[in-house]
Asks: 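I have a structure here, written as structure tokens, and I will follow up with some questions on it.
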Amino acid sequence: METLIVLLFSLAIVLLIISFFGKDKVAKLEEDLEQMTLTYMQDIYQLKKKVKILEEEFVIQDAPVPSVKDQLTVTSNDIEPIHEILKSQVLSLYSQGLTLDQIARQSSLTKEQTISVIEQQRLRGE
């Protein structure tokens, strides 16, 4: 009987030692899951950035819908469209704090065209 107890006790010690040196499958699985989660999060972040860039390009390419105020201001159908460089110049001068008259003189546009450019930018920004 004593030998059986000693034998079982020895077996328990050997199994305990083996369990310490054995590979922990749960830890490996948790590490793999964490790595996969990080990879998916990075992929989602990259996709969101690309979607945002595409949305911005789409908004830039769309012509803004003229408001009722713009339609009332325009009295003639043969007004030439304003070039993008002039628009950016007007917006730059406006952001510097110049008055509408000063912006119109420097950009060689009418005051109404200057107001129209600024209003279009406000509509795009909102």
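Every heavy atom of this structure was used, including side-chain atoms; hydrogens, water molecules and symmetry mates were not. Just so you know, residue 1 is the first one in the sequence shown, and it goes up from there. Please read all numbers here as calculations on a predicted model, not as lab measurements.
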Asks: Please assess Q113 against V117 for the test side-chain contact (heavy atoms from CB on, under 4.5 Å), listing each intermediate value before the final yes or no.
Replies: CA-CA 6 Å; Q113 289 173 321; V117 169; 5.6 Å; no
Asks: Would you call E31 and K28 a salt bridge, taking side-chain N to carboxylate O under 4.0 Å as the test?
Replies: no
Asks: Taking atom CG of L100 and atom CD of E112, what is their separation to the nearest 0.5 Å?
Replies: 10.0 Å
Asks: Could you go through the side-chain contact (heavy atoms from CB on, under 4.5 Å) check for S88 and L91 one step at a time?
Replies: CA-CA 5 Å; S88 64; L91 296 173; 5.7 Å; no
Asks: What I'd like to find out is whether the side chain of V90 reaches to under 4.5 Å of the side chain of Q121, using heavy atoms alone.
Replies: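 V90 does not reach Q121 side chain to side chain.
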Asks: Between atom CZ of F9 and atom CG of L4, what is the distance when rounded to the nearest 0.5 Å?
Replies: 14.0 Å
Asks: Measure the CD-CG distance between Q106 and L86 for me, rounded to the nearest 0.5 Å.
Replies: 12.0 Å
Asks: Please name the residue in the list M41, Q46, Q42, K48 that meets the side chain to side chain contact (heavy atoms under 4.5 Å, CB included) test with I44.
Replies: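 The option that passes is K48.
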Asks: Below 4.0 angstrom, N of the basic side chain to O of the carboxylate: do R105 and D101 qualify?
Replies: no
Asks: To the closest 0.5 Å, what do you measure between CD1 (I115) and OH (Y94)?
Replies: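 Answer for the CD1-OH pair, I115 versus Y94, is 10.0 Å.
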Asks: If you round to the nearest 0.5 Å, how far is NZ of K52 from CG of L54?
Replies: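 So the CG of L54 and the NZ of K52 are separated by 12.5 Å.
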Asks: Ion pair present between E84 and K87, side-chain N to carboxylate O less than 4.0 angstrom?
Replies: yes
Asks: Return the CD1 to CD distance between I103 and Q96, rounded to the nearest 0.5 Å.
Replies: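 Reported to 0.5 Å precision, the distance equals 8.5 Å.
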